[in-house]
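Each chain gets a letter, A, B and so on, in the order the sequences are listed, and its residues count up from 1.
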Amino acid sequence: MTALLHVDMDQFVAAVEILRRPELRGRPVVVGGAGDPTARRQVVSTASYEARAFGVHSGMPLRRAAQLCPEAVFLPTDPAAYGEASERVMAVLRRFPVDVEVWGWDEAFVGGDIADPEALAAELKAAVFAETGLTCAIGIGDNKLQAKMAARFAKPGGIHRLTTAGWMAVMGERPAADLWGIGPKTSRKLDELGLHTVAQLAAAPEADLVDRFGPRQAAWLPVVAAGGGDTQINTEPWVARSRSRENTYAEDLSDLDVISREVAAMARALTAEVVADGREITHVAVKVRYVSFFTPTREMKLRSGPTTDPEAVEQAAVSLLAKFEWRRPVRLLGVRVNLAMPD
DNA sequence: TCTGGGGTCCTAGGACCC
DNA sequence: TCTGGGGTCCTAGGACCC
């Protein structure tokens, strides 16, 4: 069985910022929101390793991060810069005689005819650093799951290999929640069934899982726990199935006219973006988060068929507002459009 | 110092038709 | 005077990932 690699950039967003501000190297850096540590309702996108040492992590409110690490440098997120840096990294990987499957900004699977995976990993790492100034960890495995998990052991900046033969010795006693694809909800359900470790889940009869998880997940869970997984590297360019905008407001909204205008503006902006990409819109969805954090969504298929007409999309989005209750203020509004898949 | 933003995929229930 | 299934479309929600 030929190995495949998972390339995972180290603290990617923070690393891109440090690259253009070398004086920040070695300091705690927190990237998130507009970069204002006093702002409400904004969270950490990425913390540098130095900031993580203070307990700062992704998803944490910026104000909490500032409390834990007052000396940190706070920076606004700059998605365009991260996208460009990502392109440079992926271009380096693609120059090697391998198949590359891009996975978000800062990750990629690498496969193909790989004779010596450790040697290839070392070459990739060196080339990425030489040409972009960014470091990465590389995991090697017999499939994507193993490579992805191996990259965690390799972080930061190392190379680590997992194999089917060695999987259980390394992973068996770890919590099932460590596995890629098992989040907090699934992990809690597994705990309730007495399945706490990877080894226990791997040995669980599918019949014991079906009631709790349904047939598909019940079949999949023990396979993942045993270190099984997909080996297919998909080199096709990414084609988005949907695009969305959402905004959490620093101050709650109650006025339906204001809400309506906000939703209309998001719908128009989204339409402009996807039309610029040559895509057509099939469905429109609106998301509302009340102050209670209850977050319903309402969605509709456009009856007139796939469209590029901003008027139609705006009108659909605004019409969906009638399906919500407006007794309580809202903290978030969002619009999503589903896209027709090209042939 | 209450809880971001942008995605994907799966499931489940109701409507409707045969 | 009541009983089926199956199949597909549509919408809502849940879970997970980065």
Phosphate OP1/OP2 of [N] contacted by [X] side-chain N/O (<4.0 Å):
{"X": "A/Arg64", "N": "B/dC2", "value": "no"}
{"X": "A/Trp238", "N": "B/dG7", "value": "no"}
{"X": "A/Arg216", "N": "B/dC9", "value": "no"}
{"X": "A/Ser242", "N": "B/dT8", "value": "yes"}
{"X": "A/Thr297", "N": "C/dT11", "value": "no"}
{"X": "A/Ser244", "N": "B/dG7", "value": "yes"}
{"X": "A/Arg331", "N": "B/dC2", "value": "no"}
{"X": "A/Asn247", "N": "B/dG5", "value": "yes"}
{"X": "A/Arg241", "N": "B/dC9", "value": "yes"}
{"X": "A/Arg298", "N": "C/dA12", "value": "yes"}
{"X": "A/Thr248", "N": "B/dT3", "value": "no"}

Qualifying ring pair (Phe, Tyr, Trp, His ring centres under 6.0 Å) pairs with a residue from residues 2-27 of chain A, counting only residues at least two apart or across chains: A/His6-A/Phe109
Touch check for [X], heavy atoms < 4.0 angstrom, all strands: base, sugar-phosphate only, or nothing?
{"X": "A/Trp103", "value": "sugar-phosphate"}
{"X": "A/Gly104", "value": "nothing"}
{"X": "A/Gln217", "value": "nothing"}
{"X": "A/Ala66", "value": "nothing"}
{"X": "A/Thr77", "value": "nothing"}
{"X": "A/Lys148", "value": "sugar-phosphate"}
{"X": "A/Gly214", "value": "nothing"}

Can you tell which of [options] lies closest to the side chain of [X]?
{"X": "A/Arg289", "options": "C/dT11, C/dC16, B/dG4", "answer": "B/dG4"}
{"X": "A/Pro61", "options": "C/dC17, B/dG7, B/dT3", "answer": "B/dT3"}
{"X": "A/Met300", "options": "B/dG6, C/dT11, C/dC18", "answer": "C/dT11"}
{"X": "A/Arg245", "options": "C/dC16, B/dC10, B/dG6", "answer": "B/dG6"}

Whole-Å distance between [N] [atom2] and [X] [atom1]?
{"X": "A/Arg303", "N": "C/dC9", "atom1": "CZ", "atom2": "C1'", "value": "10 Å"}
{"X": "A/Glu246", "N": "B/dT3", "atom1": "CD", "atom2": "C1'", "value": "13 Å"}
{"X": "A/Met149", "N": "C/dC18", "atom1": "CE", "atom2": "P", "value": "10 Å"}
{"X": "A/Asn338", "N": "B/dG6", "atom1": "CG", "atom2": "P", "value": "15 Å"}
{"X": "A/Leu332", "N": "B/dG6", "atom1": "CG", "atom2": "P", "value": "9 Å"}
{"X": "A/Leu270", "N": "B/dG5", "atom1": "CG", "atom2": "P", "value": "14 Å"}
{"X": "A/Tyr249", "N": "B/dG5", "atom1": "OH", "atom2": "P", "value": "9 Å"}
{"X": "A/Trp220", "N": "B/dC9", "atom1": "CH2", "atom2": "P", "value": "14 Å"}

B/dT3 base stacked by A/Phe293 (centroids within less than 5.5 Å, tilt under 30°): yes
A/Tyr249 six-ring face occupied by A/Arg41 cation (under 6.0 Å, within 45°): no
Face-on cation placement of A/Arg289 at A/Phe293 ring, 6.0 Å and 45° thresholds: yes
Distance-only donor-acceptor check, side chains A/Thr164 and A/Gln146, under 3.5 Å: yes
Atom CD of A/Gln315: over 12 foreign heavy atoms under 6.0 Å: no
Plane angle bin for A/Tyr290 and A/Phe294 - parallel if under 30°, tilted between 30 and 60°, otherwise perpendicular: parallel
Residue among A/Arg268, A/Arg245, A/Arg279 satisfying salt bridge (charged side-chain N to carboxylate O under 4.0 Å, His left out) with A/Glu273: A/Arg245
Ring centre gap for A/Trp180 and A/Trp220 strictly below 6.0 Å: no
From A/Glu107 atom CD to A/Asp8 atom CG, the distance as rounded to the nearest 0.5 Å: 4.0 Å
Separation between CG of A/Leu201 and CG of A/Leu179, rounded to the nearest 0.5 Å: 7.0 Å
First of A/Arg41 and A/Arg336 reached from the 5' end of DNA chain B, by closest nucleotide: A/Arg41
Assigned glycosidic conformation for B/dC2 [threshold 90° from 0]: syn
Stems formed with participation of DNA chain B [Watson-Crick or G-U wobble, under 3.5 Å, three or more pairs]: B:5-18 with C:5-18
